[in-house]
Asks: 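Here it is: the structure, laid out below.
These figures come from a predicted structure and were not determined experimentally. Letters A, B, ... mirror the listed sequences (proteins, then strands); counts begin at 1.
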Amino acid sequence: MVVRVLNVAEKPSAAKEISGLLSGGRGYQTRAGFSPYNKVFEFECDLDRQRVPFVFTSVSGHLKVLDFEDRCRKWGSCSPRALLSRSTSNLVSYVPSEMKPIENTLHREARACTVLILWLDGDSEGENIAYEVMSVCLSKNPRLLVKRARFSAITTQDMRQALDNLGSLNAPLNAMVEARQELDLRAGAAFTRFLTTRVRDEFLVSELKQVVSYGPCQFPTLALVVDRFLTIQSFVPQDFFVIDLTLRFANAGRNVSLKFDWNRSRLFDRFIASAVFEMCYESSIGPDQEQALVVAVQKSQRTRWKPLPLATVEMQKQVSRKLGMSSEVTMQVAEKLYTQGFISYPRTETDVFNRNLNLTELVQNQASDRRWGSFATRLLNPSQDDPIQFQWPRAGKNNDEAHPPIHPTRPAPPNGFESRDMDRLYEYIARRFLACCSVDAKGSETVIVAQVGAELFNAKGMIVERQGFYEVFIYDRWVDKDLPPVATGDRAPIEALELRTGKTEPPPLLSESDLISLMDKHGIGTDATIAQHIQKILERGYVSKNHLKRFQPELLGLALVESYESCQVSLARPYMRAQQEQSLKQISTNSIGKNEMLESALSSFGSMYELLENNARSLDEVFRRIFVQPNATDSWRILQPEVTRCGACTNRLALKQLNKPTARRRGNARTTEPVRRALTCSSCQLNLVMPPFGTLHAFGATCPICGFEVVRIENSERNTEYKICPKCYNDPPSAREVNASGQPRGAFRCFNCSQAGCPLATAVVGGSDTVCCVCPWCSSPCNVRKTNLFRVSCSSSRCNFAYFFPRFVEGVVVTDTTCTNCAAKKLEMTFLRTMLPPGTPQCLLVCIWCDQAYHTVLELTGEPRPRRTATARDIEGVHSAVRAGRGRTSRGVQRSRRGRRGGSRT
DNA sequence: GCAAGGTC
């Protein structure tokens, strides 16, 4: 019989790469599949020492989805409880319509082949997809001989080895995935339907659009946020005591003060601390005693290791921490960079580079970049006196045997990427890669140990001898700390000796990076899904991010966790997912059968369901506070029972109407009196007047000035929205916010505020409305604004000009000084010193267009200068906007502009 | 309308 082999990979890129390797230098032919993305490659290849035709195609992840049978698919068609039992509801697995083209390709190719080789990824999901592909192919050609290829990397060697050692499919591993799918679906659907319908039916919130969902990953994630919140709430500060010592040393003819740390760090017992301090103090008094003795000067070498190769979870954590991008956005941007061929596959657990990968070639690729190209060149062409040279990256401990660590695959486009986020993420990946391929940083640490009485104190100094990878990895710094020249036996006068009292502080709320680490630790989600789970609990309104981008539970999230706990239902505990994964693993090792495991897990979910249902009163109590609508007869008094959080007492503020609505006749038109309304705090006796129009929503962020929760006001008729702090709206923070004639600027919204560090405060000190220069593209006035970054942008709605200041610019003030060259207002800029090389000024007063001082700072950091010239594309953008008679093309920009201009003023 | 896991 003529042998013809059908091969299937998990994604199109893998099919193409493997085809390239297996066909050797002879190349392959490409044909279209029914899906435009999943092409078919054809070539000849040796199999069992015989040259045979190979047909290679791909799927795009899972081919099938799992759902309930029709009978149970509609909400309300059965009790949610029935979804938790295999005897009362059945599941069906089918190919959804969007996957039909791929299925059709497999059908067509399977008919014409005799052997099927499954080249799916080497993880459990890959095994499950292999089964899906097999069932689809066998349905059209039951006589196919099915084989599984196993490989850890897409290299010629691995491919050949896989082909010479074809195996069979791993049924227990597949059974494990099937069990996971079934459990997640049944439990997710049952609890979600129960929670959502209970809210709707019990409280008659018939138009409830919100889903109150349960998911085995989202709930433990929520629990992590709530846990930290409760830890902070219940934190009891403890007094501690520290002895601070400052000594005076002579250095180059000048006296310098040096602070020392106490070797005991701190003591918690007031009496012991006082006694120790007294002894210390006594021994320092006296004619010859007011000196400390230097008892040791210890020198040691210190190394800071270069970073490990980059895996997905680490990327999400670091990019959130260093660039302030959420993990969700990071993954979207990374996906874009990947599909455009700029970086390797962004979903990988691997933090060790395979020795077969040609890293020097990848480094060479970066040599053309104007920002870090010179570093790449130094790596490859080391000179004798240059410590920077190529060294193979350190090896991490994780390897998914499927993808390499994330690295750049080709140089950045010379004119930058289409979005700033792509620019920033690519830069991070490229710099991190070069840092991995360079050398550790080395420094020399000096510790001076001084003695007063019987107590020892230390001061540390550092001389960085080799910056190593820090030269390219600008996200971290290692800086010198000078010490005066001191030798053992020296005596130094005591400048200060004090017993200081401090209080222990609770840990902060979780940052995104903290949350990702905890999810990773507890095995919640995978590298590819962690970001989605975080996004989900935000969307569901269980948690929000405050102005510091830290996660705080919302009332609903807190209530869900608390009420589950009160019913003794352990679904909202961080370890639940890991525990479930553990039981599932037993299926893959054949320690337990799939059916047996499922029956037991489902029965346990069933018990929890019943527990929740029987104790639903406590759940109702909580939901009532959140969802109950005010009594219809009282509706002119209470409009929304719980809108936002009071900054004084943390109670929820209610929105009350202050006047009865009355209709009046003005001429022929019948008009309604505007509603006067206020947020009121029952315990603080506070009334905060609110704008009369628009719906109020809690925004999640907290005002850093007064601690009130920010409110988002949405006016759907005018299609505007803006944010206010309820307190600042009534009581603007200071005279900072006055207009040119010294009058307060009407109603005070977040965008009028210039509070440093608050991302909502987008006004600039000196006034957002102050013109700072003429637009280089269209000659309209330009203002300085602030969103995440400061920027100079054109005020014309028809022009897209904007110059974003680099991230190290942390403050911009428009001054009255003008540039003698171009008449632009000079800007006073303050820089974040930790992001700049040593010796850079911390503050500059400059014209950003003409002053060399600013341009020098930009050159030092590899940032581009502000461009006065527009590209052809920019100009065409302006022209087409003018032709179309509209403003900026982005809807979001248009909306926010209206907000700024007072279109939403009420 | 519900989950989590792949993937474009």
Asks: Would you mind reading off the distance between A:E581 atom CD and B:dA3 atom P, rounded to a whole angstrom?
Replies: 17 Å
Asks: Heavy atoms from C-beta onward define the side chain here; which of B:dA3, B:dG5, B:dG6 lies closest to that of A:T192?
Replies: B:dA3
Asks: Establish, with yes or no, whether the OP1 or OP2 oxygen of B:dC2 is under 4.0 angstrom from a side-chain nitrogen or oxygen of A:S213.
Replies: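 Answer is no, no contact under 4.0 Å.
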Asks: Closest approach of A:A15 and A:T57, non-hydrogen atoms and distance?
Replies: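 Minimum heavy-atom contact is CB-O, 3.8 Å.
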Asks: Mind checking if A:Q181 touches a base, just sugar-phosphate, or nothing, with heavy atoms under 4.0 Å?
Replies: base
Asks: Side chain of A:D184, base of B:dC2: donor and acceptor closer than 3.5 Å?
Replies: no
Asks: Show your working on side-chain contact (heavy atoms from CB on, under 4.5 Å) between A:E109 and A:R31 and close with a plain yes or no.
Replies: CA-CA 11 Å; A:E109 303 302 330; A:R31 281 196 281 122; 3.0 Å; yes
Asks: Mapping A:I129 and A:E182 to their closest nucleotides on DNA chain B, which lands nearer the 5' end?
Replies: A:E182
Asks: Checking contacts here: which listed nucleotide (B:dG5, B:dC8, B:dA3) is nearest the side-chain heavy atoms of A:E335?
Replies: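 Within the option list, the nearest is B:dC8.
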Asks: Is it the case that the ring center of A:F219 lies less than 6.0 angstrom away from the ring center of A:F191?
Replies: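 No, the ring of A:F191 stays outside the 6.0 Å limit from the ring of A:F219, centre to centre.
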Asks: Using a 4.0 Å heavy-atom cut-off, does A:Y214 contact any base of the nucleic acid, only the sugar-phosphate backbone, or nothing at all?
Replies: sugar-phosphate
Asks: Looking at every strand, decide which applies to A:M99 at a 4.0 Å heavy-atom threshold: base, sugar-phosphate, or nothing.
Replies: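 Base contact - A:M99 has a heavy atom under 4.0 Å of at least one base atom.
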Asks: Could you give the CD-to-P distance, from A:E98 to B:dT7, as a whole number of Å?
Replies: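 Taking atom P of B:dT7 as the reference, CD of A:E98 is at 16 Å.
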Asks: Over all strands shown, is A:K536 touching base, sugar-phosphate only, or nothing at heavy-atom distances under 4.0 angstrom?
Replies: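 Result for A:K536 = sugar-phosphate.
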Asks: Base, sugar-phosphate, or nothing: which does A:L66 touch, judged by heavy atoms less than 4.0 Å apart?
Replies: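 Touches a base.
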Asks: For A:N38, report the nucleic acid contact type (base, sugar-phosphate, nothing); a contact means any heavy atom under 4.0 Å.
Replies: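 Base: the residue A:N38, judged by heavy atoms under 4.0 Å, touches a nucleobase.
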Asks: Is any side-chain nitrogen or oxygen of A:R577 closer than 4.0 Å to OP1 or OP2 of B:dG5?
Replies: yes
Asks: Assign A:D121 to base, sugar-phosphate, or nothing according to its heavy-atom contacts below 4.0 angstrom with the strands shown.
Replies: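 Contact class for A:D121: sugar-phosphate only.
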Asks: Could you state the CG-P distance from A:L83 to B:dA3, rounded to the nearest angstrom?
Replies: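 Answer to the nearest Å: 13 Å.
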Asks: Just how far, in rounded Å, is C1' of B:dA4 from NZ of A:K64?
Replies: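 In whole Å, B:dA4 C1' lies 18 Å from A:K64 NZ.
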Asks: NA contact type, A:D67, heavy-atom cut-off 4.0 Å: base, sugar-phosphate, or nothing?
Replies: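 Base: the residue A:D67, judged by heavy atoms under 4.0 Å, touches a nucleobase.
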Asks: Taking the minimum atom-to-atom distance to the side chain of A:Q532, which one of B:dC8, B:dT7, B:dA4 wins?
Replies: B:dT7
Asks: When we call it a touch if two heavy atoms are under 4.0 Å apart, what does A:F219 touch: a base, just sugar-phosphate, or nothing?
Replies: nothing
Asks: Check the distance between B:dC8's C1' and A:L63's CG and give it to me in whole angstrom.
Replies: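 After rounding, the gap between these two atoms is 15 Å.
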Asks: Below the 4.0 Å mark, does B:dT7 have OP1 or OP2 next to a side-chain nitrogen or oxygen of A:Y338?
Replies: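 It does not, given that no N or O in the side chain of A:Y338 lies less than 4.0 Å from OP1 or OP2 of B:dT7.
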Asks: Decide, applying a 5.5 Å centre-distance limit and a 30° plane-angle limit (both strict), whether A:W75 stacks on B:dG1.
Replies: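 According to the criterion (under 5.5 Å, under 30°), yes, A:W75 stacks.
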Asks: Hey, which sits more toward the 5' end of DNA chain B by its nearest nucleotide, A:S35 or A:H62?
Replies: A:H62
Asks: Can A:S135 and A:K64 be said to form a side-chain hydrogen bond (donor to acceptor under 3.5 Å, both in side chains), step by step?
Replies: CA-CA 10 Å; A:S135 80; A:K64 295 184 171 184; 2.8 Å; yes
Asks: Can you see if the side chain of A:R193 gets near the phosphate of B:dA3 - specifically, an N or O under 4.0 Å from OP1 or OP2?
Replies: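 No, A:R193 has no side-chain N/O under 4.0 Å of OP1/OP2 on B:dA3.
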Asks: Distance check needed: B:dC2 C1' versus A:E539 CD, whole Å only.
Replies: 14 Å
Asks: For a quick test of reading the model, state the closest non-hydrogen atom pair linking A:S89 to A:F68 and the distance between them.
Replies: OG-CE2, 4.2 Å
Asks: For A:S58 and A:N38: C-alpha separation, side-chain torsions, deciding distance, then whether side-chain hydrogen bond (donor to acceptor under 3.5 Å, both in side chains) applies.
Replies: CA-CA 6 Å; A:S58 58; A:N38 306 81; 3.0 Å; yes
Asks: Reckon A:G525 touches a base, only the sugar-phosphate, or nothing at all at heavy-atom distances under 4.0 Å?
Replies: sugar-phosphate
Asks: Whole-Å distance between B:dA4 P and A:N128 CG?
Replies: 17 Å
Asks: Base, sugar-phosphate alone, or nothing: which one does A:R186 contact when heavy atoms must sit under 4.0 Å apart?
Replies: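 It contacts nothing in the nucleic acid.
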Asks: Please state how far atom CZ in A:R540 lies from atom C1' in B:dC2, giving the value in whole angstrom units.
Replies: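 Value for this atom pair: 8 Å.
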Asks: Counting only side-chain nitrogens and oxygens, does A:Q218 get under 4.0 Å of the OP1 or OP2 atom of B:dA3?
Replies: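 It does, given that an N or O in the side chain of A:Q218 lies less than 4.0 Å from OP1 or OP2 of B:dA3.
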Asks: Compute the ring centroids of A:Y28 and A:F56, then answer whether they are less than 6.0 Å apart.
Replies: no
Asks: Classify the nucleic acid contact of A:P80 as base, sugar-phosphate or nothing, counting any heavy atom under 4.0 Å across all strands shown.
Replies: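 No contact.
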